[in-house]
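In what follows, chains carry the letters A, B, and so on, assigned in the order in which the sequence lines appear, proteins first and then strands, with residues in each chain numbered from 1.
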2 protein chains.
Amino acid sequence: MMKCSKCNSPDGVQRAGFIRGRQRYFCKLCDYHFIDQKLPRTPERRSHQTTISDVAKVLGVAPSTVSRALNGHADINTNTRQAILEVARQLDYQPNLLAQSLKSSATHTIGVVIPDIERPFFATCVSGIQQVASEAGYRVMICQSKESYEMEVSNVQALIASRVDGLLICHSRETENFDHVRPAATRGVPVVHFDRVCDEVETAKVILDDWNGAYNVTEHLIEQGARRIAILAGPESLLISRNRLAGYLSALTKHRLPALPELRTHINFRPESAVAALDRWLALPEPPDAIFAINYTNAFDLLVALKERQVRVPEEIAVVGFGDEFMAAMIEPGLTTVNLHPHRIGQQAARLFLEQVEQKERFQPRTFVVSGDLIIRKSSLKGLGGVFSLDI
Amino acid sequence: MMKCSKCNSPDGVQRAGFIRGRQRYFCKLCDYHFIDQKLPRTPERRSHQTTISDVAKVLGVAPSTVSRALNGHADINTNTRQAILEVARQLDYQPNLLAQSLKSSATHTIGVVIPDIERPFFATCVSGIQQVASEAGYRVMICQSKESYEMEVSNVQALIASRVDGLLICHSRETENFDHVRPAATRGVPVVHFDRVCDEVETAKVILDDWNGAYNVTEHLIEQGARRIAILAGPESLLISRNRLAGYLSALTKHRLPALPELRTHINFRPESAVAALDRWLALPEPPDAIFAINYTNAFDLLVALKERQVRVPEEIAVVGFGDEFMAAMIEPGLTTVNLHPHRIGQQAARLFLEQVEQKERFQPRTFVVSGDLIIRKSSLKGLGGVFSLDI
DNA sequence: AAAAATACCGCAAACGTTTCCGAAAACGGT
DNA sequence: ACCGTTTTCGGAAACGTTTGCGGTATTTTT
């Protein structure tokens, strides 16, 4: 018969049902329930990681002493500290960051949400973020929304649940509701917006200087002798679209050129729409002599389509884009664009986060503007077309 | 006088030095040390997150009951469970993943180390990894080695310290020692290599089919009528370089073409070296009629240099690259390349990790080969040059 | 009616740190 | 010898979960 695991005798032991598939017993003498075979408390821990307690045990000191020694606390004797450091080195002790994070509720991790890592602009932003972050001892967790509002929200929630120390986000194109980045939703986790920002929530922001970039690029076209400058703008709802349009219009006004409505088209950035707009312009009695595409991929679409249609660039029509990528220099003719410095944008976003961590409640949300540089290549050099050598 | 905080009387209380800047007292009657003003144990917790205990307290049940209810355990009464779920919803309870991870020693995070996120190939790999990972409920932590061995090692260590569940790595160009990815160093964390793998450590690997890709692209050139096919190879030490060279040589042999030593150049992928090699070839009494650049950026360098030198592509010299990127389709003439499917590579690497997690010790490391597809564009269509329309 | 089984839930020990508080010993000045 | 001081260290609680096992009430079976 079964022996009571307390009094160690079989007297008074009776069965008492099953629990989780195992037979249970009851000792009347001891008034004690028990199971036939207990599991060992720690079943041969797989790949044991050295802990503070292990170090402490070797030296016969308390875990708290080891912790203090490792963290450079003052209250520890120099000899003790040396001994502890030595043992820790020998045992290859590595602090468990999870435990540290749980205790301190700081993960030293920042979450980044971007629409698409495959787009060079965002990849470069991430690179900038990561550089600043890793220099400050932060790790980076990256999520892609793939331009979907739902994915964006779920990414934000996942990052918050992972207890990131901060959230750097560039909204998806679909996003119109921003409740998921409000302090209530992020549980007070600092949020920094970059590139596609939103006004509804008071956060630190990094934006690029759309207005000035568009102004400069338009002015450049005018200086090249263009008088009928078309603009291939994006959706009117988009802030970047509005700002770039405004810069373009200001440059026209400044140089006393009329803003012709037939030379302004809003598209959704799709290649087909860009080509369709081009064909409408080419069919005009007086086609444009320059086109400003506010999206860099559309500028490429135009270059290709113009070549197919045997229109000489820049002599007949100059083309400028917005956003300088590797390709802009490689294509023939080289594309004149504004370098948006995505690396700087990322760096700055990360710096704003660090600032916020340091200043805590004292931090005043502010907006940092990263200005672009005009990069002149062949596609816009009407006057001097062909004279310049390839700019690679 | 100071009152003893135990017997609450000033009798027998005497000062007993300072500790951490604060006056200490000693009550002789109680044999008890104390400080003048104790800190409250929990000084108004900032932004309190709802915990299991909070939910438990509301309902007057034990935290363990709440835990079981939320995790769908069997031992909970339906009414109790409903009530707990309801309260958890009301209090917006979100489990603390840090605590869960600490307990289960599983973070549901995988670490990825790549040379450079700004390179489209790697960005796309990451995208593939992330898609598979997030579908399986894993988060992704990304590090860049920037082609530096030291950074790679420190990235690996940081990820291991963060207790990632797995490590997906593409080595830097500098890396020749692989101790940092050995099981001892990664503390048993599963490692999956992709793209740039190493033979020294027994891990799951995902590689691209360099040999076949090179073979196919070379054969394609031969079919187009090329007979003097030059190869712009990479450093001989690189595995990809050797494999692609071997594929190229096999295609030549298969078609009974001689492998001419003067048409083979090993470079370090630098644009200047590519152009220098080209100029040497053009100076030959009998220049090549096709060039296979095993690196896609070098293929672009060649196209640009050939245009500068007024050499017609593909009529005089055909050019093919390796690795299909956005640009290959955009440039004029379109570049014939092998699509390496970086997205699939990433997906497969993530899948191998998931497999390893599932099978645990039973997992047999295996190597998965992702084969490339030949993408034919204008730059190699010698026979039919100009007939095809732009492939965008 | 006693024994056995079931259903449900609580206690407490972990996971690995950090840190508040107090103890003990050593020290120094009357 | 006494008292105040300093130095150094240990105990234990806490961070928020999960989970093995035991207790109790209720139901079912002999």
Side-chain angles (χ1 to χ4, degrees), chain A residues 5-6 14-20 22-26 28 31-35 38-43 45 49-56 60-71 73-81 93-106 163, chain B residues 5 14-20 22-26 28 31-35 38-43 45 49-54 56 60-71 73-81 93-106 163:
Chain A
S5 57
K6 210 158 215 167
Q14 51 188 218
R15 282 194 284 178
F18 287 89
I19 187 158
R20 279 168 289 271
R22 285 190 293 170
Q23 181 62 256
R24 210 158 77 126
Y25 298 91
F26 179 62
K28 277 200 285 191
D31 188 40
Y32 179 64
H33 288 258
F34 61 93
I35 314 183
K38 294 195 190 183
L39 294 178
R41 247 317 188 194
T42 44
R45 326 165 56 166
Q49 306 276 98
T50 305
T51 72
I52 272 195
S53 305
D54 295 325
V55 177
V61 298
S64 49
T65 305
V66 177
S67 171
R68 278 188 278 253
L70 294 171
N71 292 326
H73 252 256
D75 274 11
I76 302 297
N77 186 301
T78 314
N79 298 328
T80 314
R81 183 194 309 281
Y93 167 77
Q94 298 290 119
N96 187 325
L97 296 185
L98 286 172
Q100 287 184 330
S101 295
L102 176 61
K103 194 73 182 63
S104 64
S105 58
R163 298 296 199 271
Chain B
S5 57
Q14 51 189 217
R15 281 194 285 177
F18 287 88
I19 189 157
R20 278 169 286 273
R22 285 191 290 169
Q23 182 61 256
R24 210 156 80 122
Y25 298 91
F26 179 64
K28 276 199 286 191
D31 187 38
Y32 180 65
H33 289 258
F34 60 94
I35 312 184
K38 294 194 188 181
L39 296 179
R41 245 317 187 193
T42 46
R45 323 166 58 166
Q49 306 275 99
T50 306
T51 73
I52 271 196
S53 306
D54 295 325
V61 298
S64 49
T65 305
V66 176
S67 172
R68 277 187 274 254
L70 294 172
N71 292 326
H73 253 256
D75 273 11
I76 302 296
N77 186 301
T78 314
N79 298 328
T80 315
R81 183 193 309 280
Y93 167 76
Q94 297 290 119
N96 187 325
L97 296 186
L98 286 172
Q100 287 183 331
S101 295
L102 178 59
K103 194 76 180 62
S104 63
S105 59
R163 298 296 199 273

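Side-chain atoms of Arg24(A) and base atoms of dG23(D) include a donor and an acceptor less than 3.5 Å apart. If you check distances only, the side chain of Ser104(A) never reaches the base of dC15(D) with a donor-acceptor pair under 3.5 Å. Judged by distance alone, with hydrogens and angles left aside, Arg68(A) brings a side-chain donor or acceptor within reach of the base of dG10(D), the pair sitting under 3.5 Å.
A donor-acceptor distance shorter than 3.5 angstrom exists from the side chain of Arg81(A) to the backbone of His73(A), with no hydrogens or angles considered.
Counting only heavy atoms from C-beta outward, the side chains of Gln100(A) and Leu97(A) approach each other to under 4.5 Å. Between Phe18(A) and Gln23(A), the closest side-chain pair of non-hydrogen atoms falls below 4.5 Å. Using a 4.5 Å heavy-atom cutoff, the side chains of Asn96(B) and Leu102(A) are in contact. Counting only heavy atoms from C-beta outward, the side chains of Val66(A) and Tyr93(A) never approach each other to under 4.5 Å.
Contact annotation: Asn96(A) side-chain N/O to dT17(C) OP1/OP2 distance is not under 4.0 Å. Considering only side-chain N and O atoms, Thr65(A) lies under 4.0 angstrom from the phosphate OP1 or OP2 of dG10(D). Of the side-chain N and O atoms in Asn77(A), none sit less than 4.0 angstrom from OP1 or OP2 of dT7(D). Checking the phosphate oxygens (OP1, OP2) of dT17(C), no side-chain nitrogen or oxygen of Ser67(A) falls inside 4.0 Å. Using a 4.0 Å cut-off, some side-chain N or O of Gln100(A) falls inside it from OP1 or OP2 of dT18(C). Taking only side-chain nitrogens and oxygens, Tyr93(B) comes nearer than 4.0 Å to OP1 or OP2 of dT17(D). For the OP1/OP2 pair of dT18(D) and a distance below 4.0 Å, the side-chain nitrogens and oxygens of Ser64(B) include no atom meeting the criterion. Distances shown here put every side-chain N or O of Tyr32(A) at or beyond 4.0 Å from the OP1 or OP2 atom of dG23(D). Note on Gln23(A): a side-chain N or O is less than 4.0 Å away from OP1 or OP2 of dA5(C).
Counting to the nearest Å, the P atom of dG23(D) and the CZ atom of Phe26(A) are 8 Å from each other. Remark: P of dA4(C) and CZ of Phe18(A) are 11 Å apart, rounded to the nearest angstrom. Look at NZ on Lys28(A): it is 12 Å from C1' on dA4(C), rounded to the nearest Å. Taking atom NE2 of residue His73(B) and atom C1' of nucleotide dC9(C), one finds them 13 Å apart after rounding to whole Å. One can place NZ of Lys103(B) at 9 Å from P of dG20(D), the figure rounded to the nearest angstrom. Taking atom OH on Tyr25(A) and atom P on dG22(D), their separation rounds to 13 Å, with Å as the unit. Here the P atom of nucleotide dT18(C) and the CG atom of Leu98(B) are 14 Å apart, to the nearest Å. Atom CG of Leu70(B) and atom C1' of dT17(D) are 11 Å apart (whole Å).
Counting any heavy atom pair closer than 4.0 Å across all strands shown, Leu102(B) reaches a base atom. Residue Ser101(A) is classed as having no contact, given no heavy-atom separation below 4.0 Å to the nucleic acid.
The shortest heavy-atom contact between Asn79(B) and Asn77(B) is N-OD1, 2.7 Å.
Considering Thr51(B), Ile52(B), Asp54(B) in turn, Ile52(B) is the only one that fulfils the side chain to side chain contact (heavy atoms under 4.5 Å, CB included) rule with Pro63(B).
Comparing dT24(D), dT17(D), dG11(D) by their closest approach to the side chain of Ala62(A) singles out dG11(D). When each of dG10(C), dG16(C), dC21(D) is scored by its nearest atom to the side-chain atoms of Val61(B), the top-ranked nucleotide is dG10(C).
When the nearest nucleotides of DNA chain D are assigned to Pro95(B) and Val66(A) by heavy-atom distance, the more 5′-ward of the two goes with Val66(A). Checking Thr80(B) against Ser53(A), the closest nucleotide of DNA chain C that is more toward the 5' end is the one next to Thr80(B). Summary of the strand contacts: Thr50(A) and Gly17(A) both lie near DNA chain C, and taking for each the nucleotide with the nearest heavy atom, the more 5' one is attributed to Gly17(A). Nearest-nucleotide mapping onto DNA chain D: of Ile52(B) and Arg81(A), the residue sitting toward the 5' end is Arg81(A).
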